[in-house]
Amino acid sequence: MKSLYSRLPAVHRLLATAEVRAAIAVFGRQGATNACRAALDDLRTAIANDTVTGDNIDHQIEDLPQEIGHRLQAGMSQAYPEVINATGIILHTNLGRAPLPQPMPELLGSYLALEYDLDRGQRGQRLAPLQKRIAGVFEAEWAVMVNNNAAALVLILAGLASTREVIVSRSQLIEIGGSFRLPEVMAAAGAVVHEVGCTNRTHLRDYAAALSEQTAAILLVHQSNFRITGFTATPELADLAALAREHDVPLLVDQGSGNACDLSRWGLAQESTVSGLLRAGADLVCFSGDKLLGGPQAGIIVGRRRWVEPLGRHPLYRALRPDKTALVVMDRVLQAHQSGRLEQIPIFVLLATPVESLRRRARALGRRLRKAGVPARGLATRCALGGGTTPDETMPSYGLAIDGGQRLADGLRRCALPVVARIEEDRVILDLRTVFPRQDRALETAITSAWDPALQ
Ligand SMILES: *Cc1c(COP(=O)(O)O)cnc(C)c1O
């Protein structure tokens, strides 16, 4: 057995092989040396375990340089690889929600006046420069931005309702993906949940009866990823706002999506907008930055100055504040909203693409695929906004259907540029609404490489 160990090459010999020398050029000498040592250690362990023996050790040693190259490659691959989203879900939370405008602002590679008052040459306020722009876009008195909407809700509740009661309807105690459960978030922020009404019906009188000395706020939550239909009731926002004002407590709305537009222009049903909610009497509205606003991950709180301004000074704000990347990209996205240039924001480009243009791309792609032996057919599809924004609504789209089911879908996910698709009745459906035209060639390559006629 001892002789087996002595047959392992020395590190410097491995470093001199053509494969490892090529790897050094890309990954550096230190990394390559570490990879050599790790590969040799693994072989020693395998010898000790008798999985490598006199019969197969030559093979193992021969493969070492290649194995070291693979290890380095795997270690350097991107933690978050780019994917082609062929699901037709525009705001796919697992795929990063809203794709960001390109190119990224160059100033991020430089120093910037993040918290610096250039007039006075002193430390400035981090949020002040963006505050006015956010308030402007949403027609609000004041605005605060934090890391995400969950953080926004925590800050509001900790700032305005700590150890006191927040009245919320039983129909709005939501759970959304990624472990956001409203009652738990509220409890973690120190608020006492006071549930009112029934799952399907909550009346103004339910809220009125729950108001007491202990009440800190009334909270409305967008149902986001589900709908309650049938025998239902919810009070008008204006009536609730009047009730809240009578008792001098704020009316909070977790609006969720940050909708700033009239969705009907893309053929979707109209959703309430953030500014509409404020006009109807909400005192504070919070929402995500990376849903229908089309920006980076963020939580935005807008509303009456009396309630919103103190939140920016709350000790928790320091823990929840956004980083410069989010602030700079959000600034850019809000500028696009302000000037009505939505075509600068990728989700609106996807939404605005006419079905006819998707059909044309599908036809061209299908033709090339069939030439390569893949039986792809064009197919009218329905796509969705996603992100819990409009759960029961879809819009017309177009894509490709390929028989091949789970096997083909698995293969597509494992391509060099992975493709995420959906499966319907054992067919892989690739919706082109969420595929950027610049990705069409890569999509074609992925499909032809994942397609294996032997498996059909
Ligand atoms: C999406 C959503 C959240 C969570 O927002 P994050 O930005 O992911 O933290 C909270 N409430 C509602 C109503 C939502 O739709």
Side-chain angles (χ1 to χ4, degrees), residues 89-100 134 138 143-158 161 166 168-189 191 193 202 217-228 234 237 240 251-261 263 268-269 271-274 276-278 282 284-303 311 316-317 319-323 325-327 329-330 333-334 347 384-393:
I89 298 167
I90 292 173
L91 296 166
H92 197 302
T93 296
N94 304 141
L95 302 181
R97 288 197 186 148
L100 296 176
I134 304 175
F138 295 101
V144 164
M145 173 167 151
V146 288
N147 250 319
N148 52 41
N149 192 25
L153 201 59
V154 165
L155 182 62
I156 292 171
L157 295 171
V166 175
V168 57
S169 162
R170 292 195 168 90
S171 66
Q172 297 175 354
L173 293 171
I174 60 167
E175 172 180 308
I176 58 177
S179 65
F180 177 104
R181 305 184 91 194
L182 189 78
E184 290 167 12
V185 173
M186 291 176 73
V193 184
T202 305
I218 296 176
L219 172 63
L220 294 180
V221 184
H222 191 281
Q223 283 168 338
S224 274
N225 48 11
F226 71 103
R227 287 277 182 268
I228 296 176
T234 16
L237 189 83
L240 262 178
L251 175 63
L252 322 174
V253 182
D254 176 3
Q255 189 274 343
S257 71
N259 181 27
C261 307
L263 295 181
L268 293 158
E271 268 277 306
S272 52
T273 60
V274 172
L277 291 169
L278 291 174
L284 294 99
V285 181
C286 65
F287 51 88
S288 299
D290 52 357
K291 291 183 181 170
L292 282 180
L293 202 55
Q297 179 187 303
I300 291 178
I301 305 166
V302 291
L311 300 179
L316 255 187
Y317 180 73
L320 305 176
R321 70 181 189 180
D323 80 309
T325 315
L327 287 166
V329 177
M330 184 58 86
V333 166
L334 290 174
I347 60 161
L385 267 178
T389 50
T390 48
D392 45 13
E393 265 212 88

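Remember, it's 1-based here, ligands and their atoms both numbered in the order they're listed.
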For ligand 1, is there an N or O atom under 3.5 Å from any N or O atom of [X]?
X      : value
Ser224 : yes
Ala150 : yes
Asp254 : yes
Asp290 : no

Report yes if some heavy atom in the side chain of [X] is under 4.5 Å from a heavy atom in the side chain of [Y]; otherwise report no.
X      : Y      : answer
Leu284 : Leu311 : yes
Leu385 : Glu393 : no
Leu316 : Val154 : yes
Cys286 : Ile156 : yes
Leu327 : Met145 : yes

In the protein, what heavy atom is nearest to [atom], and what distance, to one decimal place, separates them?
atom                    : result
atom 14 (C) of ligand 1 : Lys291 NZ, 3.0 Å
atom 3 (C) of ligand 1  : Ile176 CD1, 3.1 Å
atom 7 (O) of ligand 1  : Ser288 OG, 2.7 Å
atom 10 (C) of ligand 1 : Asn149 ND2, 3.2 Å

Item checked: Subset of ligand 1 atoms that lie under 4.0 Å from at least one heavy atom of His222 ->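 The list of qualifying atoms is 13 (C).
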
Notebook entry, point to check: What do you reckon, does Arg97 put a non-hydrogen atom under 4.0 Å from ligand 1?
Noted result: yes

Margin query: We want to know whether Glu271 and His222 form a side-chain donor-acceptor pair, criterion being a heavy-atom distance below 3.5 angstrom.
Written below: yes

Next item on the list: Using only heavy-atom distances, determine whether the side chains of Asn259 and Ser257 contain a donor-acceptor pair under 3.5 Å.
Entry: no

Notebook entry, point to check: Should the proximity of Phe180 to ligand 1, defined as any heavy atom under 4.0 Å, be assigned to the side chain, the backbone, both, or neither?
Noted result: side chain

Note to self: As an exercise, state the distance from CG of Asn94 to CZ of Arg97, rounded to the nearest 0.5 Å.
What the structure shows: 9.5 Å

